[in-house]
Amino acid sequence: MGIARTHDEDYETREFKTLVALAAMERRKGNGEFKGLTSHSSIVDLQDKLVCVTSGASFFGFALVNRLLLHGYFVRVLVANQEDVEKLREMEISGEMMGCKSKISVVMAKPNEIQGLMEAFDGCCGVFHTSSFADPAGLSGYSKSMAEMEGKASENVMKACARTPSVKHCVLTSSLLACIWRDNSQYEFPPLVNHNCWSNESLCVDKKLWYALGKLKAEKVAWKIAEEMSLNLTTICPGLITGHEFSYRNPTATIAYLKGAQEMYANGLLATVDVRRLAEAHVSVFEAMKTTTAFGRYICFDRIIQCEDEAETLADEIGIPRNKISGNSSDYAFPNCFELSNKKLANLMSRTLRSCYGES
């Protein structure tokens with residue numbers, strides 16, 4: 001699935017930085033915290049335009065906030081710790097501020113406290129759970145314990161959404177890795193992958209694919225809670241998220257995603273998606289959920305790494321040796337094993353939708 005580019009990269013980057021700086025302007029004086037837009041009871045006319053983005057200080061979270069504001073939404077950015085607040089303060093100090101500060105606010109809530117999450121979501125018509133976890137110990141990789149944390153955080157966010165009366169829709173950012181890691185030993189060729197495919201949890205554990213395991217656990221528990229508590233949920237499963245300085249701004253997720261890259265590359269399953277296109281996909285799906293046009297799972301990508309040149313370009317962007325991606329494979333195009341994830345997405349977005357064997 002692909003979304004046509006609508007803004008040039010430099011303009012997007014400037015806007016991207018500006019929005020976070022604007023959020024910092026909303027700090028309360030004295031205690032250094034951030035304040036909300038205004039009291040929930042006084043924003044009746046904004047109920048259909050106020051949304052919350054979790055992990056709002058992350059690489060993708062920023063891009064999503066940016067895109068939502070461009071679509072006219074009021075955005076409440078949820079951060080989990082003081083480090084994220086400091087990151088926003090740094091943007092404030094940078095002085096890159098423009099208008100529209102009244103459309104963005106920042107709140108702090110811990111993912112393990114459902115009541116705090118409910119208070120953060122109160123008044124919002126929708127929640128985007130971007131599920132962006134960083135390594136608390138620094139750049140040492142995505143561990144098994146982080147996978148467990150991600151699953152539990154997803155469970156809490158879904159419960160908080162279901163218990164907050166104003167929240168009508170929720171969009172979860174999962175990962176393509178939650179779909180592709182399966183036991184394919186019985187197949188002569190790699191089987192097709194679509195929105196009905198789920199990775200095998202035991203296989204992820206055996207291969208120590210902790211990032212894939214975390215996304216799998218997070219999405220599965222989200223669907224379980226959604227069914228039990230009648231939450232209107234849609235999930236998007238993107239490939240490796242790329243964009244301007246993506247490996248620098250999103251190091252933990254980038255490196256963790258590429259665990260098993262050689263096998264993904266060999267099977268035609270190493271897919272990427274530009275962060276802006278992914279953000280646009282989230283907004284489009286969310287808006288379509290209001291008319292029940294969008295539902296279920298969506299696979300989101302705009303490029304398949306299929307040859308040595310593409311693998312080398314990606315490796316250079318990340319700063320790793322090419323053989324970490326392509327191994328010792330000869331220079332030829334591998335089969336593309338994706339099936340059109342959901343034709344509804346092509347219709348609701350009116351954009352170019354690519355499947356593994358061309359347009360459908």
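Since the model is a prediction, treat every value here as computed from it, not as a measurement. In what follows, residues are counted from 1 in the order of the sequence shown.
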Handout entry: Side-chain heavy atoms of V77 within contact of V107, under 4.5 Å
Key = no
Report yes or no: do [X] and [Y] form a side-chain donor-acceptor pair below 3.5 Å?
X: T173; Y: H282; value: yes
X: E150; Y: S131; value: yes
X: T291; Y: T293; value: yes

Practice task
Determine, for Y73 and K49, whether the Lys NZ or Arg CZ falls below 6.0 Å from the six-membered ring centre while staying within 45 degrees of the axis.
Solution key: yes
Problem - R297 NZ/CZ over W223 ring centroid, <6.0 Å and within 45° of normal - result: no
Handout entry: Steps toward side chain to side chain contact (heavy atoms under 4.5 Å, CB included) verdict (F74, I104)
Key = CA-CA 6 Å; F74 289 74; I104 184 169; over 6 Å; no
Handout entry: Spacing of CD1 belonging to I241 relative to CZ belonging to F60, to within rounding of 0.5 Å
Key = 6.0 Å
Handout entry: Distance (rounded to the nearest 0.5 Å) between L209 CG and W181 CH2
Key = 5.0 Å
Over 12 foreign heavy atoms within 6.0 Å of [atom1], [X]:
X: E245; atom1: CD; answer: yes
X: K144; atom1: NZ; answer: no
X: K324; atom1: NZ; answer: no

Identify whether the distance between the nearest side-chain nitrogen and carboxylate oxygen of [X] and [Y] falls below 4.0 Å.
X: K159; Y: E155; answer: yes
X: E308; Y: R322; answer: yes
X: E263; Y: K207; answer: yes
X: E310; Y: R303; answer: no

Handout entry: Aromatic plane relationship, H169 with F286 - under 30° parallel, 30 to 60° tilted, over 60° perpendicular
Key = perpendicular
Practice task
Any chance you could lay out the side chain to side chain contact (heavy atoms under 4.5 Å, CB included) test for N156 and K152, step after step, and finish with the verdict?
Solution key: CA-CA 6 Å; N156 291 340; K152 186 60 179 178; 3.9 Å; yes
